[in-house]
Amino acid sequence: MKRRDFMKSSALATGAGALSASAFAKTALPPEKRSFQMKYAPHFGMFKNHAGEDVIDQLNFMADVGFTALEDNGMMKRTEEMQEKIGQTLSDRNMEMGVFVIDKGGNGANTLAAGKQEYIDIFLDGCRRAVDVAKRCNATWMTVVPGDYQRDIPIGIQTANVIEALRQAADIFEPHGLVMVLEPLSDTPNLFLRYSDQTYLICKGVNSPACKILFDAYHMQKNEGHMIRNIDLTWDEIAYFQIGDNPGRKEPTTGEINYKNVFKFIHEKGYRGIMGMEHGNSMPGKEGEIKLIEAYAQVDNFEI
């Protein structure tokens, strides 16, 4: 063979090999599908290195690797068409919709503790719009953060103001079987709602099936600790859990929380609801996404 023909033949072979490798990469199987005991709910962006930027592709990837729920804090900011598409995909893949955040202008903004009608009106408008969003994406639970302290008003009056505003919101949600879940946070000491017992008291004051607790283990570990004890004390008002290890707010096994024990306790108490994965990935890229899946497989491996 002449050198010119040999080089041409080699180039063609190399190109075919590269094409074959590229095709394989696009059709490669996802990580092993897991069978989890709990309904863990990832969020969009958590598996974008495997699934790409399209949220429906990401949702299908979640189902392919064994997750049975989704949560999307920003659902209210998506188009109606996308909300319906997400809801339909969840139904097609036999998945459940977790929380989205009721839009009232930000966690600290328009605080219900102030008792100002203009703030309450903004909140209740968000609640009414949330009803339609929930119907489109098959949601039941919606996150509420009451806002910041109103420090020139006594704490008891602030608490009463929050309860009164939430009672009005409950009147909106109850006829539709929807539930707002109140989330105490650790982000800043300026936030009014910070502790599980405080949230329990407010739920008892609202006295509605449409107002319950979102127990975020990451925030509660930072603010109060004694997690299993406090879950037990507030149990009858908890409707939803979220997850994140501390410090760092990454997947379980990366911090100090013994999530295997926590999950076992919650499961033994009879909870069969959604566990929102509201945290980041501890490692970048596909390796980090696989590490996250393996971490959940590890902590989900408790005896029942």
Side-chain angles (χ1 to χ4, degrees), residues 36-43 67-69 71 73 96 98-101 107 140-146 159 162-163 166 170 179-187 189 191-279 295-304:
F36 296 110
Q37 299 185 81
M38 307 282 275
K39 297 176 184 176
Y40 304 113
H43 55 78
F67 292 108
T68 54
E71 68 174 29
N73 285 343
E96 296 182 35
V99 293
F100 63 85
V101 175
N107 285 347
T140 298
W141 306 275
M142 298 150 295
T143 305
V144 170
V145 179
T159 301
V162 171
I163 290 172
L166 293 173
V179 183
M180 56 182 167
V181 284
L182 311 183
E183 183 178 13
L185 297 173
S186 65
D187 297 333
L191 287 165
F192 172 81
L193 197 64
R194 288 176 48 79
Y195 304 102
S196 60
D197 64 332
Q198 176 195 18
T199 315
Y200 184 82
L201 182 153
I202 291 171
C203 287
K204 289 299 184 185
V206 177
N207 192 28
S208 167
C211 182
K212 296 295 179 182
I213 297 172
L214 190 171
F215 194 104
D216 187 311
Y218 164 76
H219 289 296
M220 293 303 89
Q221 176 70 3
K222 289 179 66 179
N223 280 356
E224 61 188 28
H226 303 289
M227 192 176 302
I228 288 177
R229 167 73 168 161
N230 289 330
I231 290 172
D232 195 36
L233 286 171
T234 61
W235 182 259
D236 62 306
E237 294 293 341
I238 296 175
Y240 197 96
F241 286 93
Q242 285 182 327
I243 303 156
D245 217 334
N246 181 60
R249 201 174 185 179
K250 306 300 183 185
E251 70 268 15
T253 73
T254 58
E256 65 191 3
I257 302 174
N258 188 334
Y259 267 111
K260 182 179 284 191
N261 281 354
V262 173
F263 291 163
K264 181 179 180 181
F265 175 78
I266 292 170
H267 193 278
E268 288 178 346
K269 288 283 288 186
Y271 183 78
R272 297 297 181 268
I274 292 173
M275 312 287 286
M277 297 161 56
E278 196 181 42
H279 58 75
Y296 274 91
Q298 178 180 334
V299 296
D300 185 73
N301 186 26
F302 53 84
E303 296 180 3
I304 58 174

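Hydrogens, waters and symmetry mates are skipped; everything else that's a heavy atom, side chains included, is used. If you read the sequence from its start, that first residue is 1, and numbering goes on from there.
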Judged by atom type as modelled, is there a donor-acceptor pair below 3.5 Å linking the side chain of [X] to the main-chain atoms of [Y]?
| X | Y | answer |
| --- | --- | --- |
| N230 | G225 | yes |
| K269 | D232 | no |
| N246 | E256 | no |
| E278 | D216 | no |
| N73 | V101 | no |

Legend entry - Donor + acceptor pair across side chains of S196, E224 (<3.5 Å):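 Yes - a donor-acceptor pair under 3.5 Å links their side chains.
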Inset, instruction - On the 0 to 90° scale, with breaks at 30° and 60°, tag the Y271-F241 ring pair as parallel, tilted or perpendicular. - result: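 If you compare the ring of Y271 with that of F241, the planes turn out perpendicular.
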Legend entry - side-chain contact (heavy atoms from CB on, under 4.5 Å) assessment of I274 paired with Y240: CA-CA 6 Å; I274 292 173; Y240 197 96; 3.3 Å; yes
Which atom names give the shortest non-hydrogen contact between [X] and [Y], and what distance separates them?
| X | Y | value |
| --- | --- | --- |
| F67 | P42 | CG-CG, 3.6 Å |
| A170 | M180 | N-CE, 3.6 Å |
| T253 | D245 | N-OD2, 3.2 Å |
| I231 | I238 | O-CD1, 3.8 Å |
| A217 | I257 | O-CD1, 4.0 Å |
| A295 | P252 | CB-O, 3.3 Å |

Inset, instruction - Check each of V162, V145, L166 against L182 using the side-chain contact (heavy atoms from CB on, under 4.5 Å) test, and report the only one that passes. - result: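 Testing each of V162, V145, L166 against L182, the sole residue satisfying side-chain contact (heavy atoms from CB on, under 4.5 Å) is L166.
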Legend entry - Given D197, L193, L191, the one that forms side-chain contact (heavy atoms from CB on, under 4.5 Å) with P184: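 Looking at D197, L193, L191, the match for P184 under the side-chain contact (heavy atoms from CB on, under 4.5 Å) is L193.
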Pair up each side-chain donor or acceptor in residues 198-205 with any protein partner under 3.5 Å, not counting sequence neighbours, and list the distances.
residue: Q198; atom: OE1; partner: R194; partner atom: N; Å: 2.9
residue: Q198; atom: OE1; partner: Y195; partner atom: N; Å: 3.4
residue: Q198; atom: NE2; partner: F192; partner atom: O; Å: 2.8
residue: T199; atom: OG1; partner: Y195; partner atom: O; Å: 2.7
residue: Y200; atom: OH; partner: D236; partner atom: OD1; Å: 3.1
residue: K204; atom: NZ; partner: D236; partner atom: OD2; Å: 2.6
residue: K204; atom: NZ; partner: E237; partner atom: OE2; Å: 3.1

Inset, instruction - Evaluate the side-chain contact (heavy atoms from CB on, under 4.5 Å) criterion for residues Y259 and E251: first the C-alpha distance (whole Å), next the side-chain angles of each, then the deciding distance (0.1 Å), finally the verdict. - result: CA-CA 10 Å; Y259 267 111; E251 70 268 15; over 6 Å; no
Legend entry - Steps toward side-chain contact (heavy atoms from CB on, under 4.5 Å) verdict (M275, F263): CA-CA 9 Å; M275 312 287 286; F263 291 163; 3.4 Å; yes
Inset, instruction - Starting from the C-alpha separation in whole Å, work towards a yes-or-no answer on side-chain contact (heavy atoms from CB on, under 4.5 Å) for M277 and Q242. - result: CA-CA 6 Å; M277 297 161 56; Q242 285 182 327; over 6 Å; no
Hey, could you give me the [atom1]/[atom2] distance between [X] and [Y], rounded to the nearest 0.5 Å?
| X | Y | atom1 | atom2 | result |
| --- | --- | --- | --- | --- |
| R229 | T234 | CZ | OG1 | 10.5 Å |
| M227 | I266 | CE | CD1 | 8.5 Å |
| Q37 | N301 | CD | CG | 7.5 Å |
| T140 | E96 | OG1 | CD | 8.0 Å |
| L233 | I228 | CG | CD1 | 12.0 Å |

Legend entry - Counterpart residues, salt bridge (charged side-chain N to carboxylate O under 4.0 Å, His left out), relative to E183 (two or more places apart):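 Once residues adjacent in sequence are excluded, E183 has no partner under the salt bridge (charged side-chain N to carboxylate O under 4.0 Å, His left out) criterion.
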Inset, instruction - Please identify each residue that fulfils ring-ring contact (aromatic ring centres under 6.0 Å, His included) with H219, with sequence neighbours left out. - result: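 For H219, no residue satisfies ring-ring contact (aromatic ring centres under 6.0 Å, His included) once neighbours in sequence are set aside.
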Legend entry - Ring-ring centroid check H279 Y218, cutoff 6.0 Å: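 Not close enough - the centres of the two rings lie 6.0 Å or further apart.
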Legend entry - Ring centers of Y296, Y40 separated by less than 6.0 Å: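 So the answer is yes for these two rings.
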Inset, instruction - State, yes or no, whether a side-chain contact exists between M38 and F302 at a heavy-atom distance under 4.5 Å. - result: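 Yes - at least one pair of side-chain heavy atoms lies under 4.5 Å apart.
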